[in-house]
Amino acid sequence: MAYTEPSTNALITLSDYKTAEGIQSTKDDTKLELLIDSVTQLVKTYCGSSITDFYSTATLPSYNNIKTETISINWATNIVQLTECPIVLVHSVRERDSLSSSYKTLVANTDYYIETGTDSIYRVTSSGTAQNWETGPGAVEVNYNAGYADCPSDLKLAVIDLITYYHKDEHKARQTIAGASIQNQSSSSQRNNVAFPDHIKRVLDLYKNF
């Protein structure tokens, strides 16, 4: 089977992995390609963020990879927090007061304020005081770019370790190789761990959208 790089949205490349692990052979390339794509999706699902998919620094009208996030507001609040982070550019913020109403485009620093430290958007009045968002399903719509141009180095290390974890079947408690039985240690000692090894989970949690 001809070699092809994993999808462009993969967090690492096959070359990244083989260089990090000191692998020169090509015999496992097909399996590793599959694992790279699968682990990429696993990490994005666990973190609740795509990490790199919606990164762009392009401005209107040529921006791309836009994230359109529709947020339902069920109680009085003047804050909404976005799922993708860190925020790079916010292109528009719109609000509606009912399902039958059209969205109204809000004005930056007049109707809303972007707090990049928490990847949140505050609804404000023209004088800068707090004002609650409209409530209801899909009350707020935000079009923005966020994330990283490339997978951050510490997260890349966790992705590499997680690929090895599955490549070498370390997730299996007991393995039999050439007639010998190998007992792997429990993957985690952390409470509420979903079975990632501790050293991997610690890094993933730095990027998890709680």
Identified side chain to side chain contact (heavy atoms under 4.5 Å, CB included) counterpart of K156 within the set L11, V203, I12, D161: I12
Without placing hydrogens or testing angles, list every side-chain donor-acceptor pair under 3.5 Å for residues 102-113, not counting sequence neighbours.
from, atom 1, to, atom 2, distance (Å)
Y103, OH, G138, O, 2.5
D111, OD2, V107, N, 2.8

Could you list all the salt bridge (Lys or Arg N to Asp or Glu O under 4.0 Å) pairs where at least one residue sits in residues 136-148, not counting sequence neighbours? R94-E141
Main-chain N/O of Y46 paired with K208 side-chain donor or acceptor, under 3.5 Å: yes
For the OG atom of S38 and the CD atom of E33, what is their distance to the nearest 0.5 Å? 11.5 Å
OG1 (T116) and CG (L82) are apart, to the nearest 0.5 Å, by 11.5 Å
Is the shortest side-chain heavy-atom distance between V39 and Y166 below 4.5 Å? yes
For D53, the salt bridge (charged side-chain N to carboxylate O under 4.0 Å, His left out) test, sequence neighbours excluded, returns K44
Between atom CG of L35 and atom CG of L162, what is the distance when rounded to the nearest 0.5 Å? 9.5 Å
Under 3.5 Å: donor-acceptor pair, side chain of N145, backbone of Y55: no
Test of understanding: with side-chain hydrogen bond (donor to acceptor under 3.5 Å, both in side chains), list the residues that count as partners of S25, not counting sequence neighbours. none
Atom pair CG/CD of N65 and E84 - distance to nearest 0.5 Å: 11.0 Å
Measure the OG-NE2 distance between S56 and H91 for me, rounded to the nearest 0.5 Å. 6.5 Å
Is there a donor-acceptor contact under 3.5 Å from the side chain of T45 to the main chain of V43? no
Using side-chain heavy atoms (C-beta onward) and a distance below 4.5 Å, is N209 in contact with C47? no
How close do A130 and N78 get, heavy atom to heavy atom, and via which atoms? CB-ND2, 3.4 Å
Compare all side-chain heavy atoms of T40 with those of N9 and state whether any distance is below 4.5 angstrom. no
Suppose we screen for side-chain hydrogen bond (donor to acceptor under 3.5 Å, both in side chains). Which residues come up paired with T68, at least two apart in sequence or across chains? N143
Do F196 and R202 have side-chain heavy atoms sitting under 4.5 Å apart? no
Distance check, rounded to the nearest 0.5 Å: L32 atom CG versus E21 atom CD? 9.5 Å
Listed partners of D150 passing side-chain contact (heavy atoms from CB on, under 4.5 Å), at least two apart: none
Side chains of W75 and W133: closer than 4.5 Å at any heavy-atom pair? no
Residues at least two apart in sequence or cross-chain that pass side-chain contact (heavy atoms from CB on, under 4.5 Å) with T135, listed by chain then number, are I73
Checking T83 now: which residues fulfil side-chain hydrogen bond (donor to acceptor under 3.5 Å, both in side chains) with it, not counting sequence neighbours? E69
Please tell me if the side chains of V88 and Y144 come closer than 4.5 Å, counting only heavy atoms from C-beta onward. no
With a 4.5 Å limit on heavy-atom distance, are the side chains of V142 and S92 in contact? no
Among all residues two or more places apart in sequence or in another chain, which pass the side-chain contact (heavy atoms from CB on, under 4.5 Å) test with L206? D154
Among residues at least two apart in sequence or on other chains, which ones pass side-chain hydrogen bond (donor to acceptor under 3.5 Å, both in side chains) with D16? T13
What heavy-atom pair brings S72 and P137 nearest, and what distance separates the two atoms? OG-CA, 3.3 Å
Listed partners of S127 passing side-chain contact (heavy atoms from CB on, under 4.5 Å), at least two apart: T125, T129
Min side-chain heavy-atom separation Y165-P197 under 4.5 Å: yes
